[in-house]
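Whatever order the structure lists ligands and atoms in, that order sets their numbers, starting from 1.
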Amino acid sequence: MPQGGTVVNAENQFVADVIVKDGLVESVGKNLKAPKQSIVVDATGKYVMPGGIDPHTHLDAEMGWGSKAEIISTDDFYSGQAAALAGGTTMHIDFALPIKGDLAAGFERYKKVAKKSVMDYGFHMAVTTWNDKVASDMGKLTKEGINSFKFFLAYSGSLAVDDAQLIHGFRRSKELGALPIVHCENAAALLDAQQRTFDSGFTGPEGHYISRPAVFEDEGTARALRLAQYVNVPVYIVHVMSGGAVAEIAAAKTRGQRVVGEAVASGFGADEAKIWDPDFKVAAQYVMSPPIRNKEHQRQIKAGLAGGVLSIVATDHAPFNSTAKRAGLHDFRKIPNGVNGIEERLHVAWDELVNPGLITPSDFVRLMSTAVAQTYNVYPRKGLIAPGSDADIIVFDPEVSHTISASTHHSRMDTNIYEGREVKGQVVVTISQGKVVWENGKLNIQEGAGRFVKLPVRGPLFEGLDALDAASVASNFPYGTPGQPVVRDLGTTASKDEL
Ligand SMILES: NC(=O)NCCC(=O)O
Ligand SMILES: [Zn+2]
Ligand SMILES: [Zn+2]
C-alpha cells in the first residue's frame, strides 16, 4: 500500500509506509516490508492522508429546496459517491428527509436509495415539524445509527421550523445525546425580501442574492445559538456563509457554548459575481442558500477556519442540473437551491487554504476528515491513519495542477460552479475499505460495496452537560434554594374581587 510518502494526520506528519490488510490499516512505520500479493502504491514526495469525510450532502434528494417543485437532485448515491472518491472523499453523511413530516418513512426511503452506494456513508435526519410522533421517531432513529437531527430556519412552507419547534427539537436532541444541526436564516425576513425583490423586477438569479442579505444569516445564527444556550445543548451550524455568522460562533464559543461551525467549499472558493451572469444557465447554478457572498465574507470564513472558530469544511452538494434549475426561469424563488462540490472539496480547500499558507497539511486533514469523524463519533475508526483504523486513505500530490470542468468531473451535473478553475494539488490515489478505487485518473468502484456507518449518540460533546445544567439552575436562583419553589401563605379565602 502507500510506501515512502509523508503520512499526515491531524496531530502530526511523518515519512512512513502504510500496510493495509482486510480493509484496515495494519501498520504504519519506516521501511516496512509489503506482504506478498499486496498492492504497493509509490507515494514518494506525496502526502498520505485519511480519506476525506463530507458531512453535508444531498444525494437523491426529493426536494426542490425552496422551489417547492418536486425535483430530485441530479446525483444519486452511485454517481455522487463516484465523484466523491475521485476527489478523495471516502465517506459522507447525507441528509435523510422526512416524507410529509414523517421521519421513519423518510429514513426507510433513504435506506433504499443508498443501496447503490460504492463507499461508506451515514445519515442525519431532518426534522421539519413537531409532534409526539416526531419526538418518538427521533428516539427510534438514534437506535438505527442516526446521531444528529437537522432543523431548517429557512424554506418557509416546506422545511422551516419556528422557534418553539426548534426549542422542542433541541431539548429532545439533548435527551438523546444527538447533535442538533441548524440552517440559519430568518424565514420571515426572507419571504418579505424575496417578494419585494421580485416586485422590483429582479426575477432572475441575482434576485436570490439580493433578497438574502447577510443580516438574515447573522440573525438566524445568533438566534439558533442563543436558543441552544437556553437549552444548554451542543449545536452544529451548517454552511456558514457570512462574516457575521463567524463572529456569532466565536462569541458563543467564548461564552462557553459547545458549537461546531461548518464552512462549505463554495462559501470561500466560488465567484459570487457569477450569479449576475446574463446567461441564465451560468447564473442559476450559483443559487444556493445562504448565498455565496463577496470576497470580504469569504476572507472572514477562511480566517474562521484558520483560527479554529470554524471546525469543518463540507460541500452541501445539492446538485440540480441546468434543466432542473430552469424551474425558476421567470422567478428566482423557484430555482432549486444547491451547488456541486462533492468532488472538488479537497482541491478547492487545498488551493484556497494550504497553498496560500493559511493552514498546514495537518490542519487540512482536521478540517476535511478528522474533525468530522470526531464530531459524529466515528473517530478513530475514521479520520486517522493508524493501526486498526479503516483503510480509507488518499495519496495527494501537492505539485500537480489540474483544471476543474464539467467535461471531466464524475458527477452527473452538466455544470460545475468551479468551471475552468486551475488548482495546484490533486488526489492521485484513493483507497476505500482497503481497495484502490481511484488511480491514474480512473475509477474502479462497485455498486453495493458501500456500507451504512452507524453513528453513535452521546459523544464527547455531550460529556459533562449536567454540570453546566446545574450551574445554570443555580445562576437562575440567586435567592432561595436552587430548584425549590418559594413557599408562601396565600391565606385560605379569596377576597370577593378575586372570585
Ligand atoms: N444550501 C442549498 O442551497 N441547498 C441545499 C439545501 C440546504 O442545505 O439548505
Ligand atoms: Zn441549508
Ligand atoms: Zn444542505
Side-chain angles (χ1 to χ4, degrees), residues 54-75 80 92-98 106 110 122-128 148-161 166 180-187 190 194 205 207-209 211-212 216-217 220-221 224 235-242 245 260-268 270 272 274-275 283-293 301 312-321 324-325 327-328 332-342 345 372 411 413 415 417:
D54 187 347
H56 193 155
T57 59
H58 299 280
L59 302 182
D60 222 320
E62 236 177 13
M63 283 304 289
W65 303 109
S67 74
K68 292 197 184 58
E70 286 311 296
I71 299 173
I72 296 193
S73 55
T74 305
D75 279 321
H92 70 110
I93 309 177
D94 207 82
F95 282 91
L97 299 169
Y110 270 83
F123 281 118
H124 314 283
M125 187 75 219
V127 174
T128 57
S148 53
F149 293 101
K150 172 75 171 289
F151 302 90
F152 294 91
L153 304 189
Y155 308 128
S156 301
S158 57
L159 300 168
V161 293
L166 184 63
I181 308 179
V182 192
H183 171 137
C184 301
E185 290 185 283
N186 183 297
L190 277 174
Q194 285 184 322
H208 178 82
Y209 180 94
S211 62
R212 292 181 109 102
F216 295 174
E217 178 185 353
T221 304
V235 65
Y236 182 109
I237 307 291
V238 294
H239 49 46
V240 171
M241 303 292 277
S242 74
V260 180
E262 173 202 271
V264 287
S266 55
F268 59 84
E272 95 283 0
K274 288 286 179 69
I275 204 167
Q285 66 179 303
Y286 289 86
V287 169
M288 73 164 286
S289 296
I292 299 164
R293 302 189 195 280
I301 290 165
I312 283 170
V313 173
T315 60
D316 197 0
H317 183 80
F320 296 100
N321 62 23
K325 291 276 190 177
F332 68 83
R333 295 170 295 184
K334 298 194 173 69
I335 299 174
N337 288 200
V339 297
N340 66 284
I342 203 166
R345 179 175 68 115
V372 184
S411 158
M413 282 285 281
T415 59
I417 61 166

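Contact annotation for Asn337 and ligand 1: heavy atoms of both the backbone and the side chain come within less than 4.0 Å of the ligand. The proximity of Phe95 to ligand 1, defined as any non-hydrogen pair under 4.0 Å, does not occur for either the backbone or the side chain.
A cation-pi arrangement, defined by a distance under 6.0 Å to the six-membered ring centre and an angle within 45 degrees of its axis, is absent between Lys274 and Tyr286.
Donor-acceptor pairing under 3.5 Å is lacking for the side chains of Asp54 and His317. Side-chain atoms of Tyr236 and Glu262 form a donor-acceptor pair, as typed in the model, at a separation below 3.5 Å. His58 and Ser73 share no side-chain donor-acceptor pair at under 3.5 Å. Side chain to side chain, Asn340 and Ser411 fail the donor-acceptor criterion of an N or O pair below 3.5 Å.
Here Thr221 contributes atom OG1 and Glu185 contributes atom CD; the two are 8.5 Å apart, rounded to the nearest 0.5 Å.
Taking the N/O/S atoms of His183 in turn, the shortest distance to the Zn ion (ligand 2) belongs to ND1.
Remark: at the Zn ion (ligand 3), atom NE2 from His58 and atom OD1 from Asp316 enclose 90°, rounded to the nearest 10 degrees.
For a distance bound of 2.8 Å, the N, O or S atoms of His56 include one lying that close to the Zn ion (ligand 3).
When each atom of ligand 1 is checked for a heavy atom of Tyr155 under 4.0 Å away, the hits are 1 (N), 2 (C), 3 (O), 4 (N), 6 (C), 7 (C), 9 (O). For ligand 1, the atoms sitting less than 4.0 Å from at least one non-hydrogen atom of His56 are 8 (O), numbered in the order shown with element in parentheses.
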